[in-house]
Structure formats: structure tokens, C-alpha cells
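Each chain gets a letter, A, B and so on, in the order the sequences are listed, and its residues count up from 1.
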Amino acid sequence: MSESEHSPDAAVTLAPARAVPRIRAVPWFAVALALLALVLPFLEGVPLIGWLASPFQRIQLTYGLVFGIAALAFNLLLGYTGLLSFGHAVFFGSAAYATGLLVKYLHVSSMEGFLLAGCVSSLVLAAGFGAVCVRYTRIFFSILTLALSQVVWALALKFFWITNGTDGLRIPTPTLLLGLVGVPDDKVRFLSFTYYYYVLAVFFICMVALGMIAASPFGKALQAIRDNEIRAQFVGIEVWRYRWSAFVVSGAFTGVAGTLFAPLNGLTTPDILHWTFSGKIVFMTVLGGFKSFSGPILGGVAYNYLETYVIKTTEYWQMLLGIILVALVLVMPQGIIGALGWIIHRRSGRR
Amino acid sequence: MSLLLAQGLRKSFGETRAVNGVDFRVEPEELISLVGSNGAGKTTLVNLLSGLLRPDAGQIAFDGADITALSVGARIRAGIARSFQLVNLFDQLNVLDNVRLAIFSRDGVTRQPLRLAERDTRARNEAMEILGEFGLESKWDTPAAGLAQGERKLLDVAVAYALRPKLILLDEPTSGVGTREKGVIMEAIASVVRERFLAAVIVEHDMDVVFTYSDRIVMMHQGAVLAEGTPDQIRADERVSAVLLGKG
Amino acid sequence: MDIFLAQLLNALLYAAVLFLIAGGLSLIFGVMRIVNLAHGSLYALGAYVMAWGLGRLAGESGSEPVYLIALLPVAAVAVGATGAVVEPILLRPLYARAEEYQLLLTFGLLLILEDAMRYIWGPTPLTASPLWAAFGTLHLMGATYPRYNVVVILLGVLTAVLLWAFVFKTRFGVMLRATSQNRRMAAALGINVGGVYVQAFALGCLMAGLAGAVIVPIQGAVLGMGVDALVLAFVVVVIGGLGSLDGALVGALIVGVVRTVAIQYFPELELAVLYLIAAVVLITRPAGLLGRA
Ligand SMILES: Nc1ncnc2c1ncn2[C@@H]1O[C@H](COP(=O)(O)OP(=O)(O)OP(=O)(O)O)[C@@H](O)[C@H]1O
Ligand SMILES: [Mg+2]
């Protein structure tokens, strides 16, 4: 499994640790999950786990991975830099809208074209918003990101002749790999197989890239700023500049997620620009556990299942989300990953 | 030529004249103790020298260049590092990372997002060496928040020291720790300062410590320099003993 | 001329309601350093309680303006009581933790409240426009203007005055200000900080509830009104200064006027303009026009 060997945790083991030995291998269950994801489409006939491999389930997982990218990127700000953005929907949404506009006006159908446009648009937005927002911290940062993102939402809503207002923009199925994979006949098969692998690959690239960033000296500097802004300044770190860089990186990767979301959903509506969607990105991250690198991935996937299945059973799923969030904050602030860690720890402790 | 030369420094907070016309110089490799009663303006002076505060009036020159208008970061690059009276650490990072971060920042590698911090054995080794000099190597994996007060004080100094400054400003490096630990901390500081030929300004209340370690003592009172000189001169100075006794 | 007067009154009406909402938000932040994301939903709760109460009364004996006046405090107190329950149970455990958690918790509360209202009162809006009409109109310098709207404006002014007197002239006001300036010092002086917190939070919620209640005859109780109001309240407090009551007043007036003008001349950009103003204020004066740093 070459992907996971390139993940930052693996590199830790490879590093010659002379002064103090430090052993931290990629956990076996991460490798197992990655392998499972890789062979999933071929397991449809297998008893017990076959249901998990159905096209419907694979599409759900694709959604989950997309949200996972967004939450990972978001957590570079929340978990690593200590900034709680309530405006990340704007990077997700603007990338999706860039895709939609590319289709509407330029009739582009290449996924790579979408990714480029999505990335650039969220990058530019993040660079601009970041320049304004990173001078503030804490509550003020949160409110400012919220206010600025709402400007974009309001524009998308009101300039309906461009954005189709609340109806949104339609996104047809794209061609992949610069046209190598053409427009398919069977949309479900495309989404649950070809696109599934495409998203999986992009997901891995994003995860490794963000993991590298988090474990780099740059990432350490961000954590230092999170812990103690004054001291960070007094080891020579230009706080604003690093915050800005983190903001831009975070925004751009969130844009990747938004772009991947567009063809999957087939439609972009102003909802994904609204601040309550920002709140959902926050929710995913906290649900998975923002104190760890990989928590947000679990959070993104879990959130999607939650939404899919709870919406089916009750129309009051927002309430359930709210109750879960309140409960998380009060009794499980480390999220799913914290709870898993606790269980594993207790297990091994008893032995 | 003096390493640092400050002239006519003034800083007020509203009505409080915290630093009120101070001239201050530091020679290369000199260990200076800055003493004075509570509220004398010692921390404010350190804040002015390190760039945390801008003076209302006065100039600061360092290594022959005017640094009055320079930012904190630029002063660090010029060679001034500091510690804090109330410990300032990266609490969630472990002890090793606290020091390593200073090394990364000093070497300019914090701007590189695409290399792994753990792969940098040189930085790790240097950080472990510094921790060794401060007797913290066994705690390398503890989060800074989990250290005892004395260890936190030491780490605060170690982080400043890791920047390899020419001048290190230490604001009460031994406050809030017991007498025995105080000796340990001061020994560690004095030995790295002497071995590396650093200049140091140490704010300190304990006069025994001050007389033992200082090359020169500067006494502040109500925002101004009241007296300065060698330990012997200060010991003999009546104004100093008046202030010290008055303080109790 | 008469158009202008009507527009001015509209701006004031809007400002009065916004002041009630944003004033509560700012009061809570000023004392407790908490930004309550559920504040808009509490405003909506006030509206629903009011609309529901009016509906019950009207069902029995027609719509009388006097019911309205009688029900206003009931709805407001109901919301205030909700606040008095929420603070000790949900918020108090979080004071020792990073403030992000408080934001998250109140966001969770927002989600819960929004759906709870949908569950209780259903998706169709509740209205009480007959009442609004029953108040009749007023002839002012050649302009006709709904009398109830004037009542709301006066109510806003009255609340502002009462609040000012409360904060600056009463013993509780002194404790409130002391706590907001330095929590630890206040505790050391023997002030029951926990008690102040509950009361400040409840008072802030009560103001939101009152705002919701007074708006019912004009625009009814609708799902989503809380979330919209929250964002507008943010704009107000950001402009005026988070934590400052005078700031909330000034911010509400500015937003009221800008919005009225915007609706008249460039309706597509109404919201964007408001957010932009907020952003510009934050950039140029981070503490807001009247906030303390
Ligand atoms: N940020 C500030 N705002 C207002 N007043 C200040 C500030 N910093 C210091 N002061 C005041 O300036 C004066 C000098 O304070 P400073 O902290 O420099 O004293 P110090 O000599 O370090 O005292 P200590 O031994 O207690 O640390 C004091 O009266 C203090 O109250
Ligand atoms: Mg001091």
C-alpha cells in the first residue's frame, strides 16, 4: 500500500532518530481502511460486507471523502492554527460555483478544468479574505469570516441571472483525466465506480499533502501560534503572515472539496455558500475530533452518513445534529477519534 | 563599543511613568543584573529593549545599528532574545518542539511546508543538546503544560537561548521557585552565558543571587536608574541599601 | 416629503427591533464574553410564543390590541426564562475551556431551537396581521403611517432608556459592570459572579424575546427568521462595538437607515452592502465605532 507509506506518520518511523528513539508506525487499522476503500467496488458479492459495497453506499462514501477533505483543510485552521472560521462554506461553495459557471459560460466538461478553476477561485478568495481576517483572533475572527462569507452568499443569491439564484447551477457529469475517460452513459455506474476512484485518489493526495504541511516546520509554527501568539513572535515567527498562509492553504483545499462535490451532487445551490454550511464543516471537524490530524476525516464520513440516514427517518435531523454537537462539546470534546482512542486505551490497559 | 546602548528611554501608561528617562548599556559578554522593587519598571525596560513595546522617547542601538523602530522579529534576527516573567511557552507542544521551533525559526525553515520536521535530525540533535544543557532532556516528550514551575522557567530560557542570540534578556528567570531550584536555574543560565560568550540582562530580586553572578548591577527605582556598578560598588551604595531596606 | 418621513419611520422601526436583538447579544458578550449564536433563534422563539398566544386568544374573543400589549411581556419573559435555564446547564461547564467551545455549543443550540420551533409550530408561518390593522393608522404631517409601527419605535426607545437606567443607576448594574470589567476582581469583591451571569444571560434573552414578540403583528413568525436576524445583529454589534450598549444603539440606527435606503435604491445589494459595512468597520476600527478595545 504505497499511499500510506508516504503518509507523514510513516516517515516518522523512517527518520533516523538518534537522540531519542521515536517509534510511531502507521496504525494497522488505517492501512486496513485504506485497503478496504481500494477494493470496495469489487466486494459487492461478498457476504456480510456486500451491502457496504453497493453503488449507493459507494456514492455515500464518496460524499464522505469529499467532506473529509473539507474538514481536514478546515482543521488546519481550527486544530493547528487555533482559528475558528465560520465562513469556510465560501471556499467550498465558490469552487463549486466556479465549476458551474465554467459549464454554463465556457461549456467546459473536463474535471481537471473544474479542479483548476475551483482551486484558483477559492485560492483568490482566501487570499483576499485572509488578508483581512488574520489580523483578528478568537471571536472576532469567527464573526469576520462569517460576515465576509455572507457577502458572497448574498451576491450569489441576488445575481440570479448569472447564478440562477436559489435554483442553482446544474453540473453535468464531467470527463476525467483530460478527456481520457469520456462522458459515461450510466451515471450511477460512473459516480459509484469511476468517480469513486477519482475522488479516492484526490483524497489521498490531499491527505498526504495536508499531513506533510501539518508535520512540517511550517505546521509546527502554526501550532506555536495557536498555543502562544506572543511567544511565537518572540521566536521570530511573523504571526500574521503564517496565519494568512494557513488560511490560504486551508481555503484552497476546501475548494478542492467543493469542486469534487459539484459533479457528485449535480447541482450547486446557494446553501453551500451560507454560513450554516460553514457551521456544518465545523460540525464534521468537531465530530471527528479536531485535536488530531485524522479525526476530521472520520468526521466528514460520519457526518454524511448521519445526514443521509437521519434525514430518512426524521425531518428534524437538524435538531439531532444540534443535540450531538452539544453532547460532543460537553462530554466528548475530542470527538470520535478521542472516544476510539479511549476505548482502545482501556482495552489494552486491561490486558 | 557597547553591544547595546539605550538612551533617554521613556514609556508611560496613562499617568504611570513606568520608564522615565533611562540610559542603559550592555557590553559584549557581560552579565548584568537588573534589580529594583516591584513596579520599578524593570519589565517595561525589557519590553522596550526586546520590541514588545515602543518607547515614547529615546533611542536603542544594538551592534552599532539603530533598532528603535525595528519589529520584534527583526530584533531577534539582529541577536536579541528574551524570556518572560510569567512563563510564555507553547503549552500543547512537547518540550523538544518548544526548543526545536526556535531552531527552525532561527534557520528560516518554518517557511517550508513541504519537509518533515521529524526528518531534520540536525535540528533535533541541537535541540536535545540544548535541553541537556538545561537538564531537561529526560522531559523531552512532556507537553510544556505538564512541567513543574521550575522546569517551565528553565524551558522558557532554553527557548530564548536556542535562538543563539548575542544578548539574552531574562525577566525573573527564578521567580516562583524554591531556593534550591533557584540555584540550579541560575547555575544553568550562568554556565551557558559564560560558555557561549553571551551578554545577558537578568532581572532578579534575590540579592544573594545577584551579587554572586553579576558583572555589573543596575538598580531601577520609580522608572529611573538609581545606581549602577560592580557588585562591590552596589553593596557599598547607601541609596541602594536604603531602597532595599525600605522595601523590607 | 411624506415619503421621506415614512421611510425615516421605517428605518427607526427597523432600528428599534434590531436594537432589542443586538443589545441583548452585546449585553451577554459584554458581561460573559460569550457570543451566543442561538440569539437569533431566541428572538424567533419570542415571536412564536407571541404568535401562538395571540392565536389562542383570538380564537376565543377576536383580536383586541390590549391582548397584544398584555402578551408582550409574557413572551419576553418566557424567552428570558429559557435563557435562565440554558446558562447554568449548558454554558456554565464551559467557562474554564477555550471560547471556541462556547461558540460550538451555542451553534448546537441554534440547530436544536430551529427544529424545535418547526416541530412545535409547524412549517407554516403564524401571523397576526389583523391585530396590526386593528391598531389603525396615524396621520403625521401629511403622511399616513401604521400606528402599531410607531408603538414599536416608542417601545424601542423606552427599552433603551430603561436599560440605560438599569445598567448605570441600579446596584445590579454596578455588579454587572464590575463583572464585565474584571471577572476575578468582581468575585474577589464578593460579587456572586454566577448569579450575575445567569441574570445577564436571561436579560439578554429577554430582550431578544421582546423583539420577537413585537415584530409578530408586522411580519408574523416564520421559520428562518432567527438565523437572518442573528447575522443582522452581528452586523449591528460589529459596527457599534461588541459588548457596548451604546454601540448596539448606534449600530442599529446605521443598519436601519442603510437598509431602508438600500431597499429603495439597490435591492439586490441590500445584504451585501450591510456585510460590507460591517467588514469595513472591523478592518478600520476592530473594536467597533463605540467599543472598548
Ligand atoms: N501594560 C501596562 N499597562 C499599564 N500599566 C503598566 C503596564 N505595564 C506596567 N505598568 C505599570 O508600570 C509600572 C512598572 O511596571 P513594571 O512591570 O515594569 O515593573 P517591574 O519592575 O517589572 O515590577 P515587578 O518586580 O513587580 O515585576 C508599574 O506601576 C505597572 O503598574
Ligand atoms: Mg517585572
Side-chain angles (χ1 to χ4, degrees), chain A residues 6-24 76 79-82 208-242 244-246 248-250 252-253 290-292, chain B residues 50-52 71-77 80-84 87-93 96-121 123-129 131-132 137-138 140-141 143-145 156 159-160 162-163 169:
Chain A
H6 285 134
S7 87
D9 278 342
V12 173
T13 353
L14 299 178
R18 196 186 64 85
V20 188
R22 185 171 202 180
I23 298 148
R24 206 208 287 158
L76 189 70
Y80 285 85
T81 320
V208 171
L210 282 164
M212 290 267 279
I213 292 171
S216 71
F218 171 78
K220 296 272 180 200
L222 297 183
Q223 296 168 54
I225 291 170
R226 170 199 68 196
D227 278 5
N228 192 331
E229 191 181 333
I230 298 274
R231 191 53 188 255
Q233 208 184 338
F234 275 94
V235 294
I237 292 168
E238 302 103 327
V239 174
W240 289 1
R241 199 175 332 147
Y242 282 78
W244 181 79
S245 307
V248 173
V249 172
S250 174
F253 277 96
F290 71 99
K291 296 276 181 195
S292 69
Chain B
S50 62
L52 186 59
S71 68
V72 169
R75 289 183 206 213
I76 289 167
R77 285 188 288 281
I80 302 178
R82 71 167 291 180
S83 74
F84 292 82
V87 178
N88 253 331
L89 292 169
F90 308 119
D91 278 338
Q92 295 181 48
L93 296 183
L96 177 67
D97 276 344
N98 268 270
V99 172
R100 196 152 53 165
L101 199 76
I103 295 171
F104 285 144
S105 171
R106 178 198 72 197
D107 296 346
V109 295
T110 44
R111 290 198 202 96
Q112 302 177 1
L114 292 179
R115 59 190 275 175
L116 294 172
E118 294 299 335
R119 281 260 174 94
D120 194 336
T121 25
R124 167 187 276 266
N125 292 341
E126 186 186 342
M128 285 308 291
E129 206 169 290
L131 289 178
E137 70 272 53
S138 64
W140 70 273
D141 203 16
D156 199 332
V159 171
L163 294 166
L169 309 169

Practice item. Could you grab the distance from atom CD of Q92(B) to atom CD of Q223(A), nearest 0.5 Å is fine? Key: 8.5 Å
Review point. Rounded to the nearest 0.5 Å, how far apart are CD of Q233(A) and CD1 of I76(B)?
Key: 7.5 Å
Side chain, backbone, both or neither of [X] within contact of chain A (heavy atoms, under 4.5 Å):
X	result
S71(B)	neither
A81(B)	neither
N98(B)	neither
A160(B)	both
I103(B)	neither

**Study point:** Which residues share a ring-ring contact (aromatic ring centres under 6.0 Å, His included) with F84(B), sequence neighbours left out
**Key:** F234(A)
Might you point out which heavy atoms bring [X] and [Y] nearest each other, and give the distance in Å?
X	Y	result
L101(B)	A221(A)	CD1-N, 3.7 Å
D227(A)	F90(B)	OD2-C, 3.3 Å
L163(B)	V235(A)	CD2-O, 3.6 Å
L116(B)	P217(A)	C-CD, 4.3 Å
S216(A)	L114(B)	CB-N, 4.4 Å

Practice item. Would you confirm whether R231(A), through its side chain, and N88(B), through its main-chain N or O, come within 3.5 Å as a donor-acceptor pair? Key: yes
**Study point:** Test side-chain contact (heavy atoms from CB on, under 4.5 Å) applied to E238(A) - qualifying residues, sequence neighbours left out
**Key:** R241(A), Y242(A), R77(B), R111(B)
Check your understanding: Measuring heavy-atom distances to chain B, does A232(A) have an atom under 4.5 Å in its side chain, in its backbone, in both, or in neither?
Key -> both
Review point. Under a 4.5 Å heavy-atom cutoff, which of L52(B), I80(B), D120(B) has the most pairs with chain A?
Key: L52(B)
